[in-house]
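Have a look at the structure below, then the notes.
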2 protein chains.
Amino acid sequence: MSKAAVHKENLVRTAMRLFRRQGYASTGLQQILDESGAPKGSLYHYFPAGKEALGEAAVELAGALVRQKLVELAERHETPSAFARGYCGVMAGWMAESGFRSGCPVATTVLENAPQSPGITRAGRVALDSWIEVATEVFARDGLPRRKARMNAELLVGAVEGALLLARVRQSKQPILDVAKSF
Amino acid sequence: MSKAAVHKENLVRTAMRLFRRQGYASTGLQQILDESGAPKGSLYHYFPAGKEALGEAAVELAGALVRQKLVELAERHETPSAFARGYCGVMAGWMAESGFRSGCPVATTVLENAPQSPGITRAGRVALDSWIEVATEVFARDGLPRRKARMNAELLVGAVEGALLLARVRQSKQPILDVAKSF
DNA sequence: TCCCGAATAGAGTGATCGGTCTAATTCGAT
DNA sequence: ATCGAATTAGACCGATCACTCTATTCGGGA
């Protein structure tokens, strides 16, 4: 990989981390540049559309990372309830690790920009749908009809997103862990 | 009510509406002043702590409004599932009315500021807890033990919050309405 | 080695940010 | 009518915002 691509990747990773912790609008490009170590000239070279394109890439990356984790969990755990425990455990762990500062890598950026920014809206939809798709498979292979499996998957993913909000204000991972008990 | 108090109330209401639609950080004080019709001198008279205090007041107001609506629904609907249908119906209605632009009046502001801002974090916790409290009563009077009632209430509120995110990216109220089918 | 496009440096753009300050005005109680 | 406090007007602050632009440097294929 060329040195250039390293800078591009660092930009996206740093943006994702900062957007997650402090929101999209209140994260300045300068801070992203400083913390990523990427030169300023590169930002608009790789992302001519500017901050919005960076936000889109950050949401895409976050979506892919979470999806990858869910795929692993789906392989490791047979039953939906074990899968849900794994999912909630991972999210609760991330939340606690960050000192309850970093929530869902997708939610904040999406809530601040959907639907005004078509790119970020699309990236958020793709990300969430990809998570739901993985969860749907887990419910479906347990014997649930497709429709019901999908409903459960959406409820699970949605409930986890809501629990992340609750965990944030309560400074506790209990709300996230509790979600798993209903699946 | 004095003319002054009218300006203060307008400031909070306008802030709530704008924070909900476009986020906390990307809403400028100037825009809030313009749209509320309140004079700039008043803002720092009523909110010496500035934007953060305004955000706290906006979250408090939003929390109280939703809580009031939930109390009405709890009185009107006997069973938890009817209550859940009412809850989801109201939220889906608000979402659709706004053209899928305005989400939860609490979530966005909280995600952008918790836990950095103690005031907003506290206001968000109080708001969410008050909603959960109302829902818990509904489950409890249906015969569920207190602990189980509270778990269901947290799951319901959390799932609705997550569904609001899903609805936003999909431009559809279906995810919100679907939540009710599981309660 | 040469060369050309990709990548980088970094100053500079105007606009807007949240917040401060002082003086003028308005209001309610007496 | 008067007085003191509450409120308002609005200029002003430095900082930071996203973004642009040009000149320079760098790297890899011929």
Side-chain angles (χ1 to χ4, degrees), chain A residues 1-19 21-59 108-109 112-114 116-120 123, chain B residues 1-59 108-109 112-114 116-121 123:
Chain A
M1 185 189 302
S2 71
K3 195 163 120 203
V6 168
H7 279 162
K8 181 176 183 181
E9 196 181 317
N10 281 344
L11 279 169
V12 177
R13 263 215 293 265
T14 304
M16 175 183 69
R17 181 168 49 83
L18 292 175
F19 291 164
R21 173 162 309 215
Q22 60 198 28
Y24 172 85
S26 50
T27 300
L29 294 180
Q30 196 53 58
Q31 187 183 8
I32 297 174
L33 290 170
D34 291 345
E35 299 198 14
S36 72
K40 175 158 187 182
S42 303
L43 200 161
Y44 284 92
H45 177 74
Y46 293 113
F47 301 96
K51 193 180 186 181
E52 194 174 327
L54 197 50
E56 191 176 331
V59 169
T108 308
T109 303
E112 287 184 78
N113 292 288
Q116 292 91 339
S117 162
I120 292 178
Chain B
M1 185 189 302
S2 73
K3 195 162 120 203
V6 168
H7 279 162
K8 182 175 182 181
E9 196 181 316
N10 280 346
L11 279 169
V12 178
R13 262 214 293 267
T14 304
M16 175 181 69
R17 181 168 49 83
L18 292 175
F19 290 164
R20 189 180 174 187
R21 174 163 308 217
Q22 59 198 30
Y24 172 85
S26 51
T27 300
L29 295 180
Q30 196 54 57
Q31 187 183 8
I32 297 174
L33 290 171
D34 291 345
E35 299 198 12
S36 72
K40 174 157 188 181
S42 302
L43 199 161
Y44 284 91
H45 177 74
Y46 292 112
F47 301 96
K51 192 181 187 182
E52 193 175 328
L54 197 50
E56 190 176 332
V59 170
T108 309
T109 304
E112 287 183 77
N113 291 287
Q116 292 91 338
S117 161
I120 292 178
T121 306

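Each chain gets a letter, A, B and so on, in the order the sequences are listed, and its residues count up from 1.
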Arg13(B) vs Glu35(B) side-chain heavy atoms within contact, under 4.5 Å
no
In whole angstrom, give the distance that lies between atom CZ of Phe47(A) and atom P of dT20(D).
15 Å
Euclidean distance, atom CD of residue Gln31(A) to atom P of dC17(D) [Å, nearest integer]
8 Å
Lys40(B) side chain to Leu29(B) backbone, donor-acceptor under 3.5 Å
no
Under 4.0 Å: is that the gap between some side-chain N or O of Ser42(B) and OP1 or OP2 of dT8(D)?
yes
Minimal non-hydrogen separation, Lys51(A) against Tyr24(A), with atom names
NZ-O, 2.9 Å
Can a donor-acceptor pair be found, under 3.5 Å and without considering hydrogens, that links the side chain of Ser117(A) to the backbone of Asn113(A)?
no
Atom CG of Leu43(B) and atom P of dA6(D): how far apart are they, to the nearest Å?
18 Å
In whole Å, I'd like the distance from the CG atom of Leu33(B) to the C1' atom of dC17(C).
13 Å
Measure from CG on Asp34(A) to P on dT16(D) and round the result to the nearest Å.
11 Å
Using the C1' atoms of the five pairs at each end, what is the angle between the end axes of the helix from dT1(C)-dA30(D) to dT30(C)-dA1(D), to 10°?
20°
Nucleotides 18-24 of chain C: protein proximity per nucleotide (B base, S sugar-phosphate only, - neither; heavy atom, under 4.0 Å)
SBB----
dT8(D), OP1 or OP2 - any side-chain N/O from His7(B) closer than 4.0 Å?
yes
Shortest non-hydrogen pair, Gly55(B) vs Phe19(B), comes out as CA-CE1, 3.7 Å
Least distance between heavy atoms, Pro39(A) atom then Leu33(A) atom:
O-CD2, 3.9 Å
State whether the side chain of Glu112(A) and the backbone N or O of Ala25(A) hold a donor-acceptor pair below 3.5 Å, judged by distance alone.
yes
Rounding to an integer number of Å, can you tell me how far His45(A) NE2 sits from dA18(D) P?
21 Å
Would you call Glu52(A) and Pro118(A) a side-chain contact if the rule is heavy atoms closer than 4.5 Å?
yes
Which heavy-atom pair separates Val59(A) from Ile120(A) by the least distance, and what is that distance?
CG2-CG2, 4.4 Å
